[in-house]
Amino acid sequence: MSPTILAIESSCDDTSAAVIKDGKILSNIVATQAVHEKYGGVVPELASRAHEQNIIPVISQALLTANITKSELNAVAFTRGPGLLGSLLVGCSFAKSFALGLHLPIIEVNHMQAHILAHFIDAPQPSFPFLCLTVSGGHTQIVLVNNHLDFEILGQTTDDAVGEAFDKSAKLLGLPYPGGPLLDKIAQSGNPDKYTFPIVNMPGYDYSFSGIKTSILNFIKNNTQVNPDFISENLPDICASIQKALIQTLMKKLVLATKETGIKEIAIAGGVSANSGLRQTMQEFALKYKWNTYVPAFQYCTDNAAMIAITAHYKYLAGEFANQYASPDPRLKLSL
Ligand code: KG4
Ligand code: ZN
């Protein structure tokens, strides 16, 4: 049976709901929380309060847009983790009570699996096995994907995530939160070869972004001491050079993983997969290394419930349901 599922995403600072029917997304509503901007980062308590305010309107809109009534639903899905506990609790509690009232089964979804399975929302879809570079605000992982529900982490960051490195670099440059997308935009008119930053080489397929972050901090400090207007006079070149260093770091291990596994089906996922430099580099590497590359549509890169819905679809078909004791897990791991 092909199910109709309502999916809820509330792991961080986006409240989102989607409806999927027969594996096709009918709606995907995202309410982004502007409340964090003035603090320069996500404030967990404010995030959960905003989820509380947003969740009913967002779900109502998702059902309305999909033209689906509650009685047509076969299951309710929610993000179990990883994420902020208070934020996850809102989605989880809502999903459980909504499903209980309607006598529907519930499906819990791993947010990082969902980022990867966003590739199965639309064509073209990668064939198994494929490698996915998952790059978000909290994670940086190279994942071997054997099938829709079988994932193996080959390598990951040992400290900061690359999204965090983008955001913190942007903050050091005085750009407003969330800085990653803005840094990307400014970098487009800059010279990426103007400044160089170290590419840290970790063992195996692992990453580290704390060293490059410190070197960016020192670079800005040293240069602004000499010239207080250094940032404003060179902003596009600084952004482009930082972006280049971060992308080079990502690609070095991805290339190694493709060489050692022999896999040429290569995908990227997560918020940072929206980065224009990374998307362009994927195209260049596809030609150079004869990869088939898969880059998600922009609306499925950053957090959204459509990716939760497609994951729930496959879990429904596999009979993987949760029970009313289901609870959020802020540190939920990708591999089972
Ligand atoms: O996947 P996501 O929406 O949330 C998490 O699960 O973390 O990823 C958010 C991250 C943030 O660090 C944001 O700055 C980064 O993705 N991001 C970007 C771009 N768009 C979003 N980083 C660089 N360039 C972009 N265009
Ligand atoms: Zn995410």
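When a residue number appears, it is its place in the shown sequence, counting from 1. In each ligand, atom 1 is the first atom listed, and ligand 1 is the first ligand listed.
Backbone or side-chain N, O or S atoms of H115 reach the Zn ion (ligand 2) at under 2.8 Å. Between the Zn ion (ligand 2) and C12 there is no N/O/S contact shorter than 2.8 Å.
Counting protein heavy atoms only, atom 3 (O) of ligand 1 is closest to D303 N, 3.1 Å. Of the protein's heavy atoms, N275 ND2, 3.0 Å lies nearest to atom 24 (N) of ligand 1.
Atoms of ligand 1 found under 4.0 Å from any heavy atom of H111 (numbered from 1 in listed order, with element): 6 (O). For ligand 1, the atoms closer than 4.0 angstrom to any heavy atom of D184 are 24 (N), 25 (C), 26 (N). The H115 neighbourhood of ligand 1 comprises atoms 1 (O), 6 (O), with distances under 4.0 Å to a heavy atom of that residue. Which parts of ligand 1 touch D167 is read off a 4.0 Å heavy-atom cut-off, strictly below it: atoms 11 (C), 12 (O), 13 (C), 14 (O). In the vicinity of G163, heavy-atom distances shorter than 4.0 Å reach the ligand 1 atoms 12 (O). Which parts of ligand 1 touch G138 is read off a 4.0 Å heavy-atom cut-off, strictly below it: atoms 7 (O). Atoms of ligand 1 found under 4.0 Å from any heavy atom of A274, numbered from 1 in the order shown, are 20 (N), 26 (N).
By the 4.0 Å N-to-carboxylate-O rule, K244 lies close enough to D193 to be salt-bridged with it. Taking the charged nitrogens against the carboxylate oxygens, K288 and E284 have no contact shorter than 4.0 Å, which rules out a salt bridge.
Using a 3.5 Å distance cut-off with no hydrogens or angles, the side chains of Q283 and T281 do not pair a donor with an acceptor. Looking only at atom types and distance, the side chain of Q299 has no donor-acceptor partner in the side chain of N304 under 3.5 Å away. There is a side-chain donor-acceptor pair under 3.5 Å between T79 and E9. When only modelled atom types and interatomic distance are considered, Q141 and Y207 share no side-chain donor-acceptor pair under 3.5 Å.
When the heavy atoms of S169, G137, P181 are ranked by distance to atom 10 (C) of ligand 1, first place goes to G137. Considering each of G271, A161, G180, the one bringing a non-hydrogen atom nearest atom 20 (N) of ligand 1 is G271.
Atom CD1 of residue I268 and atom OG1 of residue T293 lie 8.0 Å apart, to the nearest 0.5 angstrom.
Using a 4.0 Å cut-off between heavy atoms, V272 contacts ligand 1 through both its backbone and its side chain. Counting heavy atoms under 4.0 Å from ligand 1, residue H139 does not touch it at all.
For D303, the N, O or S atom with the smallest separation from the Zn ion (ligand 2) is OD1.
Partner of D14 under the side-chain hydrogen bond (donor to acceptor under 3.5 Å, both in side chains) criterion, chosen from T302, N54, T32: T32.
Note on ring orientation: taking the six-membered ring where Trp is involved, the planes of F130 and F120 are tilted (angle from 30° to 60°). Classified by interplanar angle (parallel below 30°, tilted 30° to 60°, perpendicular above 60°), the ring pair H115/H111 is perpendicular.
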